[in-house]
Protein chains: 2
Amino acid sequence: MFSKACEYGIRALTIIAKEGEKGQKVGIKDVCKLADTPESFTAKILQDLVRKGILNSQKGPSGGFYITKDLSEVALYDIVVAIDGPEVFRKCGLGLAECNAAKPCALHTKFEVVRNELNAMCQTSTLETLVEQLVLDIHN
Amino acid sequence: MFSKACEYGIRALTIIAKEGEKGQKVGIKDVCKLADTPESFTAKILQDLVRKGILNSQKGPSGGFYITKDLSEVALYDIVVAIDGPEVFRKCGLGLAECNAAKPCALHTKFEVVRNELNAMCQTSTLETLVEQLVLDIHN
DNA sequence: CAAATATAAGACAAATTTGTCTTTAATTAA
DNA sequence: TTAATTAAAGACAAATTTGTCTTATATTTG
């Protein structure tokens, strides 16, 4: 569904968001330990997200990654688009370049349902809801 | 969502199923022309599906690919599993090895909805329904 | 300022996916 | 039986994704 890079990115951002609620910046090592993601690869993904304005970072001692935006305003949709691009939300299920209501592929109608659910999931999930779920998980 | 190999395989099978209804075997060249897929790559995918019993083939003049099963009994689910494996129907949305109701990832509940829709689409689609849609497309 | 710490950047490498090409084997039809 | 035709098999190659490593740059703290 999502690329590895995207999975890692989401997991890392969720960790950073959660730790950030305690008012802390998180170093790449801690992020990756908590998110269970490969360090150098994750660093590259996060650097890209910093360039794209989803995330902030600070070099030097007591530096690390942090988020200045309101967590409720960072939609999962934005994260996925930043890492994997918008194709997953648009692509034809059978990979046809042209596939729409006027010229549908054999799977068009049914696939649209799936894609709409994916879209809904990504639009209604935010770093805030993801962190909430994380906390819930620990409490259970 | 699906790999390229899987997209090509589904499209090729749909073509073979459709032509098969006319009682014809279809050569790899015709399949790929009609499905708009790369020839050698598609051939390899179809050969694999033959080995897995989804499809039949015959060598020699007037040979080609054909389907002996009832089209209504070849579910899209079976095709996807044959080509991409069952992971897409099981995998955690965030790529965690362990993710279930007892130990859910931050996206678990919402992702389950998407995965269930994907599953439903693949269980309720068969080569018969896919061919129907193809025919409909041409009529519109 | 100096030393330590942490991200940034980019070269490099491994693995996987996607795709091609050549040779072989089987089948048919003349 | 022979020639033509078609899939089968597998080596090979390109592209993409995933991942690592080294060096540079920025920042903080003493």
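Each chain gets a letter, A, B and so on, in the order its sequence line appears, and its residues count up from 1. In what follows, every heavy atom counts, from backbone to side chain, and hydrogens, waters and symmetry copies are set aside.
- The aromatic rings of A:F2 and B:F111 lie tilted to each other, with the angle between the two planes from 30° to 60°.
- For B:K4, the side-chain atoms get nearest to C:dG19 when compared with the rest of C:dA26, C:dG19, C:dT7.
- When the nucleotides D:dA7, D:dT18, C:dA8 are ranked by their closest atom to the side chain of A:Q47, C:dA8 comes out on top.
- For the pair A:Q58 and D:dT28, the criterion of a side-chain N or O lying under 4.0 Å from OP1 or OP2 is met.
- Taking atom CD of B:E39 as the reference point, atom C1' of D:dT5 lies 14 Å away to the nearest angstrom.
- Atoms CG (B:D48) and P (D:dA9) sit 10 Å apart, rounded to a whole Å.
- One interatomic measurement links the two molecules: CD1 of A:I45 to P of D:dT17, which rounds to 13 Å at whole-angstrom precision.
- In this structure, the side-chain contact (heavy atoms from CB on, under 4.5 Å) partners of A:Q123, at least two apart in sequence or on a different chain, are A:Y77, A:N119.
- Considering only side-chain atoms of B:K59, the nucleotide from D:dT20, C:dA6, D:dT6 that sits closest is D:dT6.
- Rounded to whole angstrom, the span from the CD atom of B:E87 across to the C1' atom of C:dT16 amounts to 14 Å.
- For the pair A:K29 NZ and C:dA8 P, the computed distance is 15 Å after rounding to whole Å.
- If you measure from atom CZ of B:F65 to atom C1' of D:dA7, you get 6 Å, rounded to the nearest angstrom.
- Separating the CD atom of B:E7 from the P atom of C:dT18 is a distance of 8 Å, rounded to the nearest angstrom.
- Where B:P61 and B:S3 meet DNA chain C, the nucleotide closest to each residue was compared, and B:S3 sits on the side nearer the 5' end.
- When rounded to the nearest whole Å, the span between CD1 of B:I28 and P of D:dT5 equals 18 Å.
- Between A:E87 and A:R90 there is no salt bridge, since no side-chain nitrogen of the basic residue lies less than 4.0 Å from a carboxylate oxygen of the acidic one.
- As judged by a 4.0 angstrom heavy-atom cut-off over every strand, A:L46 is placed among residues making no nucleic acid contact.
- Here B:S57 lies in heavy-atom contact (under 4.0 Å) with sugar-phosphate atoms only.
- Ionic pairing of B:D48 and B:K44 is not present here: no N-O contact between side-chain nitrogen and carboxylate oxygen is shorter than 4.0 angstrom.
- No engagement by B:V31 is indicated, since no non-hydrogen atom pair under 4.0 Å with the nucleic acid exists.
- Using a 4.0 Å heavy-atom cutoff across all strands shown, A:K44 reaches at least one base atom of the nucleic acid.
- When distances run from any side-chain atom of A:R51 to the nucleotides C:dA9, C:dT27, D:dT18, the shortest one goes to C:dA9.
- Remark: B:Y8 is in phosphate contact with C:dG19, judged by side-chain N or O atoms under 4.0 Å from OP1 or OP2.
- No engagement by B:A43 is indicated, since no non-hydrogen atom pair under 4.0 Å with the nucleic acid exists.
- Using a cut-off of 4.0 Å between Lys/Arg side-chain N and Asp/Glu carboxylate O, A:E117 and B:R115 are scored as not salt-bridged.
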